[in-house]
Amino acid sequence: MNIQVLPEHKLSSVAPLKPYSNAEKKEVELILVKNQNGAQHVNSSIVPSPSSHGCPPVSSEDEERETWSKKIDFLLSVIGFAVDLANVWRFPYLCYKNGGGAFLIPYILFLVIAGMPLFYMELALGQYNRQGAATVWKICPVFKGVGYTVIIIALYVGFYYNVIIAWSLYYLFSSFTSELPWLKCGNSWNSINCTDPKLLNGSFLGNGTSYSKYKFTPAAEFYERGVLHLHESKGIQDLGLPRWQLTLCLMAVVFILYFSLWKGVKSSGKVVYITATMPYIVLFVLLIRGVTLPGAMDGIRAYLHIDFKQLNNPTVWIDAATQIFYSLGAGFGVLIAFASYNKFDNNCYRDALLTSTVNCVTSFFSGFAIFSVLGYLAFKHGVNIEDVATEGAGLVFIIYPEAISTLPGSTFWAIVFFIMLLTLGIDSSMGGMEAVITGLTDDFKILKRNRKLFTFATAFGTFLVALFCITNGGIYVLTLLDTYAAGTSILFGVLVEAIGVSWFYGVDRFSEDIERMMGFKPGLYWRLCWKFVSPAFLLFVVIASIVTSTGAKYDDYVFPRWSNVLGWGIAMSSMLFVPFYAIYKFTIVPGTWKERIAYCITPEHEHHLVAEGNVRQFKLKHWLAI
């Protein structure tokens with residue numbers, strides 16, 4: 001450690017300096033590094049030179065950076081973001097479809113070798129550099145484009161994710177009746193083909209149509225005709241005007257998001273006390289009610305049945321890999337943004353293990369609440385579990401509501417269920433919007449000075465675009481965005497991010513950063529995962545995503561070719577930030593070609609070393625280091 005000694009005339013009035021013990025050295029070093037990263041400002045006569053620890057010089061903006069009021073605010077925010085609708089509407093069905101308990105083998109494997117390492121990497125990256133997804137790339141400037149990529153993707157997701165929350169709110173309001181509106185036919189939105197579920201049984205559906213795909217039940221018609229008004233649209237080219245009921249619900253959702261985020265983590269950290277904990281209470285209550293229903297055990301047995309033969313199917317492994325990636329939420333810039341408001345010496349290693357484990361356990365646990373009720377519905381209609389099992393919106397807006405509408409006290413159960421969906425969606429949407437706001441305000445100081453106004457502009461902008469998703473044909477727009485906005489593009493973004501941190505910045509240097517924060521260096525396992533396993537895993541998922549891509553699809557509707565071209569245009573609009581920014585950066589830095597490359601791949605606080613010709617990345621030792 002480089003320490004400047006006090007002048008000689010000062011020493012005459014103080015006691016002789018004693019040698020530092022190892023513990024004292026560590027404490028002094030931690031204070032100095034914390035000072036340089038803006039966690040706190042310490043007036044001390046022991047001052048390191050700016051490059052003595054490889055740390056960027058302190059800035060006034062970093063000194064003023066707010067932090068979470070309490071550690072629990074951060075943990076609940078991360079859990080609330082990671083635990084979203086997909087934990088309830090996708091994982092249980094994937095587990096059931098792909099061999100039940102056998103599916104947990106690839107799922108847990110990918111969690112341990114890729115999910116957790118990526119989760120840990122993003123938390124450490126944000127916490128050490130105390131910056132959002134774009135400016136965090138001061139560690140390797142040429143990769144700043146990937147920061148813009150993930151910010152744009154988070155914005156795109158907000159366009160349609162808020163619509164799903166608005167649907168939940170509409171269902172919640174519709175539940176405040178003595179008889180749920182999706183229980184019987186005969187309503188203004190029902191067609192002449194509407195069929196009472198009591199008349200439906202296995203023999204009636206003997207034409208190959210599963211119960212979950214039958215479109216003429218009261219619940220299915222309430223969703224598609226009463227909520228979406230899908231019957232009034234001929235396709236994505238025939239949208240119509242936004243529906244005023246859904247517009248009001250969407251407006252309410254956007255207002256909730258704005259007032260949750262306008263004061264930064266000081267306000268959002270309090271909202272998650274409700275939104276992150278409520279789903280667990282509701283899931284537990286629904287599970288207790290579910291297991292008491294006839295047929296519930298059949299549903300749970302179907303969920304947990306073990307079929308090891310399924311592991312021979314490559315689709316199972318692809319499903320496990322993509323589910324673990326999307327479920328944890330790495331790559332959207334949210335974890336980096338949340339961690340950037342931590343105290344510098346926070347133990348983000350423990351946080352990563354805890355929150356990623358909680359997320360995956362929640363997915364597994366939710367399957368019991370879902371399949372106990374699906375077992376009951378199958379029993380009631382005399383069909384197999386496979387006839388009622390489904391995923392996505394069809395599960396939470398048709399099948400599950402239909403099942404609870406037949407229970408005593410159905411109004412109460414519907415209200416509780418849709419409150420759970422609302423809270424699951426709100427804190428995940430808050431995370432995505434915070435990634436956009438933090439990422440751009442850290443990059444553009446004028447936005448930082450006007451955070452409340454920028455937060456309002458972001459929320460209002462997502463509201464305007466989301467209006468396209470609540471028209472009569474809005475479900476087609478939503479499906480197109482869901483397929484392309486955060487599909488291959490987010491996988492590509494995280495792959496580039498992992499390569500940028502592990503190879504160009506360097507796993508050894510990244511590990512030293514973590515050691516400065518927490519006092520211990522990541523083990524060999526984590527370093528190997530960051531350098532080799534995680535990038536290989538992401539490359540596998542990217543290739544699988546491209547190979548298995550079939551374009552946008554909604555039931556039997558075939559999207560026109562131009563819409564799929566538009567979808568790829570949306571995907572490319574975010575991915576192209578990576579090469580375009582790299583080219584831009586290369587053209588604006590001075591020097592020869594070799595010097596420009598050096599400036600582009602060297603951390604900003606080490607640019608003085610480039611002038612000296614001491615470029616770490618030009619040495620083989622850098623690329624071999626672990």
Side-chain angles (χ1 to χ4, degrees), residues 1-2 4 29 32-39 41 47-63 65 121 124-149 336 340 344 439-445 448 496-517 577-625:
M1 187 168 65
N2 180 19
Q4 296 175 358
E29 184 175 358
L32 298 178
V33 177
K34 285 162 71 176
N35 178 23
Q36 295 209 20
N37 280 272
H41 187 75
V47 183
S49 63
S51 60
S52 61
H53 295 283
C55 301
V58 67
S59 66
S60 59
E61 288 88 352
D62 279 349
E63 286 182 19
R65 193 174 188 84
M121 182 184 80
L125 194 62
Q127 183 173 306
Y128 182 80
N129 294 285
R130 304 180 64 75
Q131 296 288 328
T135 46
V136 76
W137 288 103
K138 61 189 178 183
I139 64 171
C140 191
V142 76
F143 283 93
K144 190 176 182 180
V146 77
Y148 293 127
T149 293
I336 293 174
S340 71
F344 184 75
L440 294 179
T441 53
D442 282 346
D443 202 16
F444 303 99
K445 300 312 172 189
K448 197 180 201 68
V496 175
E497 177 188 298
I499 292 171
V501 173
S502 304
W503 288 88
F504 284 83
Y505 183 60
V507 164
D508 55 335
R509 183 153 48 180
F510 184 54
S511 299
E512 288 166 4
D513 294 345
I514 293 173
E515 185 177 18
R516 292 190 187 100
M517 288 191 293
F577 273 95
V578 174
F580 283 178
Y581 186 85
I583 294 168
Y584 163 76
K585 188 69 182 177
F586 182 80
T587 56
I588 64 168
V589 293
T592 63
W593 276 65
K594 185 176 180 180
E595 287 171 337
R596 289 183 179 194
I597 293 172
Y599 279 120
C600 285
I601 61 177
T602 302
E604 289 179 0
H605 65 277
E606 292 183 3
H607 276 186
H608 62 284
L609 297 176
V610 177
E612 298 169 7
N614 182 15
V615 182
R616 171 191 162 112
Q617 283 89 338
F618 287 171
K619 299 171 184 174
L620 184 62
K621 181 182 176 183
H622 165 82
W623 300 97
L624 298 178

Here the pair of heavy atoms bringing Asp443 nearest to Lys144 is OD1-NZ, 2.8 Å
Should the ring pair Phe510 and Tyr505 be called parallel, tilted or perpendicular, given that the plane angle runs from 0 to 90° and is split at 30 and 60?
perpendicular
Does Gln617 use its side chain to pair, donor to acceptor, with the backbone of Ala598 at less than 3.5 Å?
no
Between Glu606 and Arg509, is there a side-chain N and carboxylate O pair less than 4.0 Å apart?
yes
Is the NZ atom of Lys619 crowded by more than 12 outside heavy atoms at less than 6.0 Å?
yes
Is the shortest heavy-atom distance from the side chain of Tyr599 to the side chain of His607 under 4.5 Å?
yes
What is the minimum heavy-atom distance between Ala134 and Gly439, and which atoms define it?
CB-O, 4.2 Å
Side chain of Lys138, backbone of Asn129: donor and acceptor closer than 3.5 Å?
yes
Show your working on salt bridge (charged side-chain N to carboxylate O under 4.0 Å, His left out) between Arg65 and Asp442 and close with a plain yes or no.
CA-CA 10 Å; Arg65 193 174 188 84; Asp442 282 346; 3.0 Å; yes
Rounded to the nearest 0.5 Å, how far does CD of Glu497 lie from CH2 of Trp137?
5.5 Å
Residues forming a side chain to side chain donor-acceptor pair (under 3.5 Å) with Thr135, sequence neighbours excluded:
Gln131
Between Glu604 and Pro141, which heavy-atom pair has the shortest distance, and what is it?
CG-CG, 3.8 Å
Work out which heavy atom in Cys600 is nearest to a heavy atom in Lys585; give both atom names and the distance.
SG-CG, 3.8 Å
Sequence neighbours excluded, the answer for ring-ring contact (aromatic ring centres under 6.0 Å, His included) partners of Tyr584 is Tyr581
Distance-only, no hydrogens or angles: does the His622 side chain make a donor-acceptor pair with backbone N or O of Phe504 under 3.5 Å?
yes
In the structure I gave you, are the side-chain heavy atoms of Thr592 and Glu595 within less than 4.5 Å of one another anywhere?
yes
Are any side-chain N or O atoms of Gln127 and backbone N or O atoms of Ala124, one a donor and one an acceptor, separated by less than 3.5 Å?
no
Is the closest side-chain heavy-atom distance between Ile601 and Phe618 below 4.5 Å?
yes
Quick one: does Leu609's side chain get under 4.5 Å of Thr602's, heavy atoms only?
no
Side-chain touch Leu125/Ile139, heavy atoms, less than 4.5 angstrom
yes
Nearest atoms (heavy-atom pairs only) where Val615 meets Val610
CG2-CA, 4.2 Å
